[in-house]
Structure formats: structure tokens, C-alpha cells
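Whatever order the structure lists them in is the order used to number ligands and atoms, beginning at 1. Quick note: residue numbers are just sequence positions, from 1.
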Amino acid sequence: MSQECIFCKIVQGLIPAKKIYEDDVVLAFHDIRPQTPVHALVIPKRHLVCLDDLGEQDRMDAGHLLERVAHVARELGVAESGYRTLINTREHGGQEVDHLHVHILGGRRVGPMVCR
Ligand code: 5GP
Ligand code: ZN
């Protein structure tokens, strides 16, 4: 846990969030500023800053996280129509919250991947 991390505070229940799914390893909740009709975030409960923080010892949890992303997308009803997953890493990746998270964006067709 990181004292200042907003997502760690959500994990601890110190900040409210609209939770979708939770187990021992991951937590999924709705994004506070949704970019699409369905916009969820899936995070490891343990404080990992970004994808670059993952090591060999995290392979099981990383696989679990990814499988649960697919599960949450099914729960949200976007699996059949489709969705985009996104992981931003550090400054050039546009990461704003320094706690690893996977975006699930769906509920409408999202445009082609354009990097500006
Ligand atoms: P990033 O740009 O780091 O990949 O994405 C961070 C995401 O976290 C943004 O989409 C932002 O709207 C969301 N976010 C930031 N603070 C909060 C919060 O307190 N609660 C929730 N539910 N989402 C947040
Ligand atoms: Zn954190």
C-alpha cells in the first residue's frame, strides 16, 4: 500500500468507488470520468506503480488480472459487442494515476487507435 495513492485508498475503502468485482488479488470499479458508456478500471490490490513494476514473481497475479479483465467485461455486458483495453505507462504513455490499472472501454464503437 502507498499512503498517497488514490487507488490504494479505494482498495482500503477510504475513498468511495462504484465497485464491480473484487477478489483477493484484484478490484474492478467504474471510472469516475467515463470516456465511453462503459468505462471500468481493473487494478491489482497490491500497489504496483505501472506495468514496468511487474517482475517474474508477479506472473501468476498478472495472468489472473488479465483473465479477470475479460470476466469483468462479460459482467458489464460488453464482451460480445467488444471493447478496448488500455494500459498507460508513465509520462509518455499518459499515465495519470501511479497504480497499475487496465481500462475497459466499451458500450459504443471506439475509434481507431490514433496516437497524437
Ligand atoms: P490513466 O490516465 O492513469 O491511465 O487513467 C487514470 C484513470 O483513473 C482516469 O480515467 C481517471 O478518470 C480515473 N480516476 C482518477 N481518479 C479516480 C477516482 O478517484 N475514482 C475513480 N473511480 N476513477 C478515478
Ligand atoms: Zn496504489
Exercise. What atoms of ligand 1 come within less than 4.0 Å of a heavy atom belonging to Ile6?
Worked result: 19 (O)
Exercise. Near His103, which atoms of ligand 1 are under 4.0 Å from a heavy atom of that residue?
Worked result: 1 (P), 4 (O), 5 (O), 7 (C), 10 (O)
Exercise. Under 4.0 Å from ligand 1, counting heavy atoms only, is it the side chain of His101, its backbone, both or neither?
Worked result: side chain
For this session: Nearest heavy atom to atom 22 (N) of ligand 1 wins, so pick from His30, Lys18, Lys19.
Result: His30
For this session: Go through ligand 1 atom by atom and flag the ones less than 4.0 Å from a non-hydrogen atom of Arg33.
Result: 11 (C), 12 (O)
Seminar exercise, completed: Within 4.0 Å of some non-hydrogen atom of Gln95, the atoms of ligand 1 are 3 (O)
Seminar exercise, completed: ND1 (His99) to the Zn ion (ligand 2) to ND1 (His47), nearest 10°, is 110°
For this session: Taking all heavy atoms of Cys8 and all of Ser2, pick out the closest pair and write down the distance.
Result: SG-N, 3.4 Å
Exercise. When you check the gap from the basic side-chain N to the acidic O, do Glu22 and Lys45 get nearer than 4.0 Å?
Worked result: yes
For this session: Indicate yes or no: does an N/O atom of Asn88 lie under 3.5 Å from an N/O atom of ligand 1?
Result: yes
Exercise. Out of Asp31, Leu41, Leu86, Ile15, who gets a non-hydrogen atom closest to atom 11 (C) of ligand 1?
Worked result: Asp31
Exercise. What part of Ile10, side chain from CB on, backbone N/CA/C/O, both or neither, has a heavy atom under 4.0 Å from ligand 1?
Worked result: side chain
Exercise. Mind checking whether Gly94 has an N or O less than 3.5 Å away from an N or O of ligand 1?
Worked result: yes
Exercise. Between Val97 and ligand 1, is there a nitrogen or oxygen pair with a distance under 3.5 Å?
Worked result: yes
Exercise. With only distance considered, is Phe7 within less than 3.5 Å of ligand 1 through an N or O on each side?
Worked result: no
Seminar exercise, completed: Of all protein heavy atoms, the one nearest atom 24 (C) of ligand 1 is Ile32 CG2, 3.5 Å
Exercise. Strictly by modelled atom types, are His39 and His103 linked by a side-chain donor-acceptor pair under 3.5 Å?
Worked result: yes
Exercise. With a cut-off of 6.0 Å (strictly less than), are more than 12 heavy atoms of other residues, nucleotides or ligands near CD of Glu91?
Worked result: no
Seminar exercise, completed: Distance col, row Leu76:CG vs Tyr83:OH, nearest 0.5 angstrom, shows 10.0 Å
For this session: Could you point out which residue of Val11, Leu100, Ile10 forms a side-chain contact (heavy atoms from CB on, under 4.5 Å) with Ile43?
Result: Val11
Exercise. What pairs with Arg84 under side chain to side chain donor-acceptor pair (under 3.5 Å), at least two apart in sequence or on another chain?
Worked result: none
Seminar exercise, completed: Looking only at protein heavy atoms, what sits closest to atom 3 (O) of ligand 1 is Glu96 N, 2.6 Å
Problem set entry | Heavy-atom check, side chain of Lys19 versus side chain of His30, under 4.5 Å | no
Exercise. Out of curiosity, Arg90 CZ to Leu51 CG, how far, rounded to the nearest 0.5 Å?
Worked result: 10.0 Å
Seminar exercise, completed: All heavy atoms of Arg46 vs all of His99, minimum pair found to be O-NE2, 3.5 Å
